[in-house]
Amino acid sequence: PRFAPAYHSLGNLNLRRKDLASALNNFSVAIKINPREAIYRYSFGSALYESLDLRQAVEQYRLAISLDPQLAEAHLGLGHTLVDFNNKTAAATAFGTAHDISAAAKPVSPASDIAQQAAQARVHQHAALLAACLWRRAEEIEEETRREVEECAKRGPPPTCARRIAQC
């Protein structure tokens, strides 16, 4: 059998069942049949992500994006994976791209409108979570800097502290 959509559908079914080994196998076969189909790469990346093979997931998401730069789901998956790698800046870019793509998409039916709204809600939710993480980290850095400056002021500023105080 050389019908890639059937293998892709089986992969999605197995992914929903949490049968990751079968899902990975099905997506691999679909990709072997049609390696230039972005949605197969995205789905394979999602199964890899669920399997905690994050490096390979990133590679598949990036391949999907190279094949179809307008595939918002691939940007979203890439963003999630980059968050797990603690690369929040690149994740924010991926989430922003997913948002821009989904905001520009024109729904073709009421069902796709609902699906698009759900996807946009997920993008907004993840962007808000990422913004909260970045804000919390900025507050931590500000507090660390404040403590360092106070410590320098107590000890009398050596050259490094003097530069630090001057920057404040």
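Reckoned from all heavy atoms, side chains included, excluding hydrogens, waters and symmetry mates.
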Can you tell which of F27, F3, F44 makes a side-chain contact (heavy atoms from CB on, under 4.5 Å) with H8? F27
Among L78, L76, L48, L71, whose side-chain contact (heavy atoms from CB on, under 4.5 Å) with Y61 holds? L78
Report yes or no: do [X] and [Y] belong to one cluster of Ile/Leu/Val/Met/Phe/Trp/Tyr joined by side chain heavy-atom distances under 4.5 Å?
X: I65; Y: V83; answer: no
X: I31; Y: L20; answer: yes
X: Y42; Y: L54; answer: yes

So do [Y] and [X] actually touch side chain to side chain, heavy atoms under 4.5 Å?
X: P35; Y: R41; answer: yes
X: V58; Y: Q56; answer: no
X: L15; Y: S46; answer: yes

F95 and H80 aromatic ring geometry - parallel, tilted or perpendicular at 30°/60° bounds: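 Rings of H80 and F95: perpendicular, over 60°.
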For D84 and Y49, run side chain to side chain donor-acceptor pair (under 3.5 Å): C-alpha distance rounded to whole Å, both residues' side-chain angles, the deciding distance at 0.1 Å, then the answer. CA-CA 10 Å; D84 288 344; Y49 180 85; 2.7 Å; yes
For R36 and N34, what are the C-alpha separation, side-chain angles and deciding distance, and is it a side chain to side chain contact (heavy atoms under 4.5 Å, CB included)? CA-CA 6 Å; R36 308 247 346 124; N34 186 356; 4.0 Å; yes
Do any N or O atoms from the side chain of H75 and from the backbone of Q70 form a donor-acceptor pair under 3.5 angstrom?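 Side chain of H75 to backbone of Q70: no pair is present.
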Would you check if the side chain of N25 reaches a backbone N or O of A21 as a donor-acceptor pair within less than 3.5 Å?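 Flag not set: sc N25 to bb A21 has no pair under 3.5 Å.
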Look up atom [atom1] in [X] and atom [atom2] in [Y], then write down how far apart they are to the nearest 0.5 Å.
X: N14; Y: S9; atom1: CG; atom2: OG; result: 11.0 Å
X: L13; Y: D19; atom1: CG; atom2: CG; result: 9.0 Å
X: Y40; Y: N26; atom1: OH; atom2: CG; result: 12.0 Å

[X] to [Y] - nearest heavy-atom pair and separation:
X: G79; Y: A91; value: O-CB, 3.5 Å
X: A23; Y: G11; value: CB-O, 3.5 Å
X: A72; Y: A98; value: O-CB, 3.6 Å
X: P69; Y: S66; value: CD-O, 4.4 Å

